[in-house]
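Computed over heavy atoms, backbone and side chain alike; hydrogens, waters and symmetry mates excluded.
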Amino acid sequence: MSENPLNAVVLVVDDTPDTLALLHDALVESGYTVLVADNGESALKISLEATPDIVLLDALMPGMDGFEVCRNLKKDLNTRHIPVIFM
């Protein structure tokens, strides 16, 4: 199987370990580089450090929910260009 030609980096953010594992495995098998975060604070930190090509974001998480994560991503000049898909 050939690697994804775009070498896209996907950040998956979810507080449910089973969901993280399922998405991680499926995306890696499809050739993507996958980063994972299990909370909003980690998602923001990873986004600033690694600048993923897209974020798959759980809307409902304890603490900082997905909507707050998205607002923070979009107000930062360094991350506002990253597409976000809510799950």
Side-chain angles (χ1 to χ4, degrees):
M1 181 185 306
S2 65
E3 189 173 273
N4 184 320
L6 299 177
N7 293 320
V9 176
V10 179
L11 172 58
V12 180
V13 186
D14 200 304
D15 62 316
T16 307
D18 289 343
T19 304
L20 278 177
L22 176 74
L23 290 169
H24 174 274
D25 294 349
L27 290 165
V28 166
E29 188 174 308
S30 296
Y32 295 95
T33 298
V34 181
L35 307 172
V36 297
D38 63 1
N39 62 66
E41 293 83 5
S42 294
L44 292 175
K45 183 177 179 189
I46 291 169
S47 294
L48 285 169
E49 292 172 357
T51 315
D53 295 298
I54 191 166
V55 177
L56 302 181
L57 184 57
D58 181 11
L60 303 175
M61 296 183 292
M64 182 184 295
D65 69 14
F67 299 106
E68 188 174 349
V69 172
C70 187
R71 279 192 295 274
N72 280 288
L73 289 172
K74 297 307 176 183
K75 74 180 182 183
D76 188 315
L77 291 174
N78 296 310
T79 57
R80 71 172 35 164
H81 68 283
I82 302 170
V84 175
I85 297 178
F86 280 96
M87 307 183 290

Checklist outcome for this item: In terms of heavy-atom contacts, Leu35 and Ala50 come closest through CD1-CB, 3.6 Å
Checklist entry - Yes or no on side chain to side chain contact (heavy atoms under 4.5 Å, CB included) for Asp58 and Val13, after CA distance, side-chain angles and deciding distance? => result CA-CA 6 Å; Asp58 181 11; Val13 186; 5.7 Å; no
Checklist entry - Which atom names give the shortest non-hydrogen contact between Val55 and Ser47, and what distance separates them? => result CG2-OG, 4.4 Å
Below 3.5 Å, can you tabulate the donor-acceptor pairs from side chains in residues 16-27 to any protein atom, sequence neighbours excluded?
| residue | atom | partner | partner atom | Å |
| --- | --- | --- | --- | --- |
| Thr16 | OG1 | Asp14 | OD1 | 3.3 |

Checklist entry - Rounded to the nearest 0.5 Å, how far does CG of Leu11 lie from CG of Leu44? => result 9.5 Å
Next on the checklist: Tell me every residue that passes side-chain contact (heavy atoms from CB on, under 4.5 Å) with Ile85, counting only those two or more places apart in sequence or in another chain.
Outcome noted: Ile54, Leu56
Checklist entry - Near Leu60 CG, under 6.0 Å, is it more than 12 heavy atoms from other residues, nucleotides or ligands? => result no
Checklist entry - In terms of heavy-atom contacts, does NZ of Lys74 have more than 12 from other residues, nucleotides or ligands at under 6.0 Å? => result yes
Checklist outcome for this item: Correct closest heavy-atom pair for Gly66 and Leu57 would be O-CD2, 3.2 Å
Checklist entry - Can you name the closest pair of heavy atoms from Met61 and Met64 and give their distance? => result CE-O, 3.7 Å
Next on the checklist: If the condition is side chain to side chain donor-acceptor pair (under 3.5 Å), which residues does Asn39 pass it with, not counting sequence neighbours?
Outcome noted: Ser42
Item to check | For Glu68 against Asp65, the heavy-atom pair lying closest together | outcome: N-OD1, 2.9 Å
Item to check | Hydrophobic cluster membership, Leu48 vs Val69, 4.5 Å side-chain cutoff | outcome: no
Checklist entry - Measuring from His81:NE2 to Leu73:CG, what's the distance to the nearest 0.5 Å? => result 10.0 Å
Item to check | Test item: Asp53 side-chain N/O and Val10 main-chain N/O as donor-acceptor pair under 3.5 Å | outcome: no
